[in-house]
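Here is the structure we will look at, set down as structure tokens.
Chain A is the first sequence line, chain B the second, and so forth, proteins listed ahead of strands; every chain is numbered from 1.
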2 protein chains.
Amino acid sequence: MDDAVDLLMTQWARERPDLDVWPMGIMGRISRLSRLLDRELKEFFAAHGLERWEFDVLATLRRSGPPYELTAGALNRAAMVTSGAITNRIDRMAARGLVERIPDSGDRRSIRVRLTGRGLALVDEVLEPHVANEARLLASLDPRERDHLAAALRTLLASLGDTTLG
Amino acid sequence: MDDAVDLLMTQWARERPDLDVWPMGIMGRISRLSRLLDRELKEFFAAHGLERWEFDVLATLRRSGPPYELTAGALNRAAMVTSGAITNRIDRMAARGLVERIPDSGDRRSIRVRLTGRGLALVDEVLEPHVANEARLLASLDPRERDHLAAALRTLLASLGDTTLG
DNA sequence: GTTGATAATCTCAACGTTGAAATAACAGCA
DNA sequence: TGCTGTTATTTCAACGTTGAGATTATCAAC
């Protein structure tokens, strides 16, 4: 079964037979998959009254364990966005009562962002169906393919230096 | 070698041992890779005086073959963006003299976007170093791994319905 | 030929991110 | 104690996309 990237590479083979465009077979697919999967996740979270970025923040705090708090800096490294974006996200989530800003006792430049009871309840409620939804999106791969795929992607990520969550 | 997603999954295993979060091993990596690779491509194109989206439009037209023209609709399906975004892109690229709008003789609702001589020269000049740059970013994979990775991603993309470029 | 449904593009306000500058605080060292 | 360089967060204007609506054109059916 051909996908959109196969068509793209066929076009290049005809137009520029002098070039071997094999990297596009990976780069193009990661890019298109990312967009398609983002759309799916967006739709899923909308059905649960959440924006995707809201869930990302909630989940980052949740998986950090009690007391469910992280600095703003840790959150922006985890989300791979700039500090301005995180300030904005915290503002809006605090307004919704999902997180609260706590002054950091050890460093007055820092703030700690803490999950409220409501935020904790929400993320714990949505997490399982979210994972089930992700599994549905990946259902075309059998378990062996999944493992190989995850391993190859890990190799790539690590080679690009993505080894910490901040 | 662990990557950021391994850390993330370890955290979930500790906090929610009742859940098997294996899908995150793939979804999380595709998402993070997409961001990291986008940054790299952005940097590369900036060094050549181009925005990433500009190159995408140029390349889409170039690989369609002579006379290097496509409708606006074909371009927005290929780029996976909305029609408003494509209108905006065409405006700016036409202002730079990289493409021109041609009325479609067969359908007066349509326009055809055609590569100018300057646009064609630019994309042909940047293409080879671009592919080389992509190959550099993927250098951590050996040829067999590349093929398996591309195949698994193809399976996924096709299962999500991404089988045409418009 | 007229009607009604569909399609292609453009318009525009709302939205969120970026990137850079501003502010405040820490840390090491003379 | 006072410098100097660094770090954490916030602020804000610029930018590009989205999503919905407006416009214009096509096509099939009557």
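For B:I111 and D:dT23, the CD1 to C1' distance is 15 Å, given to the nearest whole Å. Here C:dA8 presents its P atom at 14 Å from CG of B:L70, a figure rounded to the nearest Å. Summarising the geometry, the separation between CG on B:N76 and P on D:dG19 is reported as 13 Å, rounded to the nearest angstrom. For A:I86 and D:dT11, the CD1 to C1' distance is 16 Å, given to the nearest whole Å. Note: CD1 (B:I90) to C1' (C:dT11) measures 14 Å, nearest angstrom. Following rounding to the nearest Å, A:D38 (CG) and C:dG16 (C1') show an atom-to-atom distance of 14 Å. What separates CD of B:E51 from P of D:dA14 is a distance of 17 Å, to the nearest Å. Between B:R52 atom CZ and D:dC15 atom C1' the separation is 18 Å, expressed in whole Å.
No cation-pi contact links B:R62 to A:W12, judged by a cut-off of 6.0 Å to the six-membered ring centre and 45° from its axis.
Residue-level contact check: B:S110 touches the backbone only, with heavy atoms under 4.0 Å from sugar-phosphate atoms and none from bases. Note on A:R92: only backbone sugar-phosphate atoms sit closer than 4.0 angstrom, heavy atoms only; bases stay farther off.
Positionally, the nearest nucleotide of DNA chain C for B:N88 lies more toward the 5' end than for the other of A:R89 and B:N88. Between A:R112 and B:W53, it is A:R112 whose nearest contact on DNA chain D lies nearer the 5' terminus.
A donor-acceptor pair is defined here as one N or O able to donate and one able to accept, closer than 3.5 Å; no such pair exists between the side chain of B:S34 and the backbone of B:I30. Under the 3.5 Å distance criterion, the side-chain polar atoms of A:R118 are matched with a main-chain donor or acceptor of A:R96. A distance-only check finds a donor-acceptor pair linking the side chain of A:T116 to the backbone of A:L98 [under 3.5 Å].
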Which pairs, protein N/O on one side and nucleotides 19-21 of chain C N/O on the other, fall under 3.5 Å?
{"residue": "C:dG19", "atom": "OP1", "partner": "B:K42", "partner atom": "NZ", "Å": "3.0"}

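Salt-bridge check for A:R112 with A:D107: failed, with every basic side-chain N at 4.0 Å or more from each acidic carboxylate O.
To the nearest 0.5 angstrom, A:L8 atom CG is 7.5 Å from A:R32 atom CZ.
When side chains are defined from C-beta on, B:V113 does not count as touching B:I86, because their heavy atoms never get closer than 4.5 Å. Side chains of B:L33 and A:L160 form a contact here, defined as non-hydrogen atoms less than 4.5 Å apart.
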Exercise. Report the C-alpha distance between B:D91 and B:R101 in whole Å, list the side-chain angles of each, state the deciding distance to 0.1 Å, and finish with yes or no for side chain to side chain contact (heavy atoms under 4.5 Å, CB included).
Key: CA-CA 9 Å; B:D91 285 347; B:R101 277 191 174 82; 2.8 Å; yes
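Near DNA chain D, defined here as any heavy-atom distance below 4.0 Å, the residues from residues 101-108 of chain B are B:D107, B:R108, listed numerically.
Interface remark: the B:R109 side chain does not form any donor-acceptor pair with the D:dT26 base, using a distance-only criterion of under 3.5 Å.
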